[in-house]
Amino acid sequence: MKSATSFSRSGLSDWLLQRVSGVILAVYTVVLFGFIVCHPGLDYETWHGFMTTTAMRIFTLLALLSFVAHGWIGLWTVTTDYLTASHAGPKADVLRLLVQIAMAIAMFVIVIWGIQIIWGN
């Protein structure tokens, strides 16, 4: 099934993108947790130094984009599965569209804000 609101061209590519983004988020979480565990008594200067390296900024941006892609695919799937006429009544299409627009706006704000945080001074 192809749809204008789907994140990619097919269900298979959506499925694959969600799995890859999930792995990226898991690895990012392990890296952060590992850094915290390996630095008892972690202070701001050490954390700032770690998070402002170019490699961590790129990895954080990748994790941010993975978060948005993963979230969009998951929430798009939920809205198309459950915001239907049989579940939400005759106005389900309008409700689904409004929810998806709100999701898109929220994710756009998350990406812009995240980029400002990652690459800002």
Side-chain angles (χ1 to χ4, degrees):
M1 178 175 127
K2 292 184 180 182
S3 173
T5 56
S6 178
F7 192 75
S8 61
R9 296 180 183 187
S10 71
L12 177 61
S13 56
D14 282 348
W15 180 86
L16 184 60
L17 181 59
Q18 191 163 38
R19 294 326 178 263
V20 170
S21 65
V23 169
I24 291 168
L25 291 170
V27 171
Y28 186 75
T29 301
V30 168
V31 167
L32 290 182
F33 184 72
F35 183 81
I36 292 168
V37 167
C38 291
H39 291 87
L42 183 63
D43 60 356
Y44 175 78
E45 289 78 23
T46 306
W47 180 255
H48 184 266
F50 173 65
M51 291 303 291
T52 57
T53 62
T54 303
M56 267 317 286
R57 285 182 175 188
I58 292 169
F59 193 26
T60 301
L61 180 61
L62 180 62
L64 174 68
L65 296 175
S66 294
F67 170 75
V68 169
H70 192 89
W72 174 259
I73 293 168
L75 290 171
W76 180 84
T77 302
V78 168
T79 58
T80 56
D81 285 351
Y82 296 106
L83 291 179
T84 61
S86 62
H87 287 101
K91 304 244 184 215
D93 290 340
V94 173
L95 178 61
R96 183 174 56 247
L97 179 63
L98 292 174
V99 169
Q100 289 175 346
I101 289 170
M103 288 178 350
I105 291 169
M107 290 181 184
F108 177 76
V109 169
I110 288 168
V111 168
I112 298 303
W113 193 13
I115 290 170
Q116 286 179 332
I117 291 169
I118 295 165
W119 296 102
N121 297 327

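Hydrogens, waters and symmetry mates play no part in the numbers below; they use all other heavy atoms, side chains included.
Closest heavy-atom contact between Arg57 and Gly120: NH2-O, 4.0 Å. Nearest heavy-atom pair, Ile115 versus Leu64, reported as atom, atom and distance to 0.1 Å: N-CD2, 4.0 Å.
Leu83 and Val78 fall into different hydrophobic clusters, defined by Ile, Leu, Val, Met, Phe, Trp and Tyr side-chain heavy atoms under 4.5 Å apart, directly or through other members. No continuous path of hydrophobic side-chain contacts links Leu62 to Ile117 [ILVMFWY only; heavy atoms under 4.5 Å]. Under a hydrophobic clustering in which Ile, Leu, Val, Met, Phe, Trp and Tyr are joined whenever their side-chain heavy atoms come within less than 4.5 Å, directly or via other members, Leu25 and Ile110 fall into the same cluster. Both Met56 and Val23 belong to a single network of hydrophobic side chains, linked directly or stepwise wherever heavy atoms of I, L, V, M, F, W or Y lie under 4.5 Å apart.
Judged as a side chain to side chain donor-acceptor pair (under 3.5 Å), and not counting sequence neighbours, Ser66 has no contacts. Among residues two or more places apart in sequence or in another chain, the ring pair (Phe, Tyr, Trp, His ring centres under 6.0 Å) test is passed with Phe33 by none. Shown here are the ring pair (Phe, Tyr, Trp, His ring centres under 6.0 Å) partners of Tyr82, two or more places apart in sequence or in another chain: His87. With sequence neighbours excluded, the residues forming a side chain to side chain contact (heavy atoms under 4.5 Å, CB included) with Val20 are Leu16, Ile24, listed by chain and number. With sequence neighbours left out, the ring pair (Phe, Tyr, Trp, His ring centres under 6.0 Å) criterion links Phe59 to Tyr28. With sequence neighbours excluded, no residue forms a side chain to side chain donor-acceptor pair (under 3.5 Å) with Thr54. Every residue two or more places apart in sequence or in another chain that forms a side chain to side chain contact (heavy atoms under 4.5 Å, CB included) with Leu75 is listed here: Met103, Met107. Residues meeting the side chain to side chain contact (heavy atoms under 4.5 Å, CB included) test with Ile101, sequence neighbours left out: Leu97, Ile105.
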Residues 40-51, side-chain donor-acceptor partners within the protein, below 3.5 Å, at least two apart:
residue, atom, partner, partner atom, Å
Asp43, OD1, Thr46, N, 3.1
Asp43, OD1, Thr46, OG1, 2.5

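Among residue pairs with one or both ends in residues 71-96, those qualifying as salt bridge (charged side-chain N to carboxylate O under 4.0 Å, His left out) are Asp93-Arg96; sequence neighbours excluded. Applying the salt bridge (charged side-chain N to carboxylate O under 4.0 Å, His left out) test to pairs two or more places apart or on separate chains, none has a residue in residues 19-31. Pairs of residues two or more places apart, or lying in two chains, never qualify as side-chain hydrogen bond (donor to acceptor under 3.5 Å, both in side chains) while including a residue from residues 102-115.
Leu32 contributes atom CG, which lies 6.5 Å from atom OG1 of Thr60 (distance to the nearest 0.5 angstrom). Put simply, CH2 on Trp76 and CD1 on Ile73 are 9.5 Å apart, with the number rounded to the nearest 0.5 Å. The CH2 atom of Trp119 sits 10.5 Å away from atom OG1 of Thr52, with the distance rounded to the nearest 0.5 Å.
Counting heavy atoms from C-beta outward, Trp72 and Gln18 have side chains that stay 4.5 Å or more apart.
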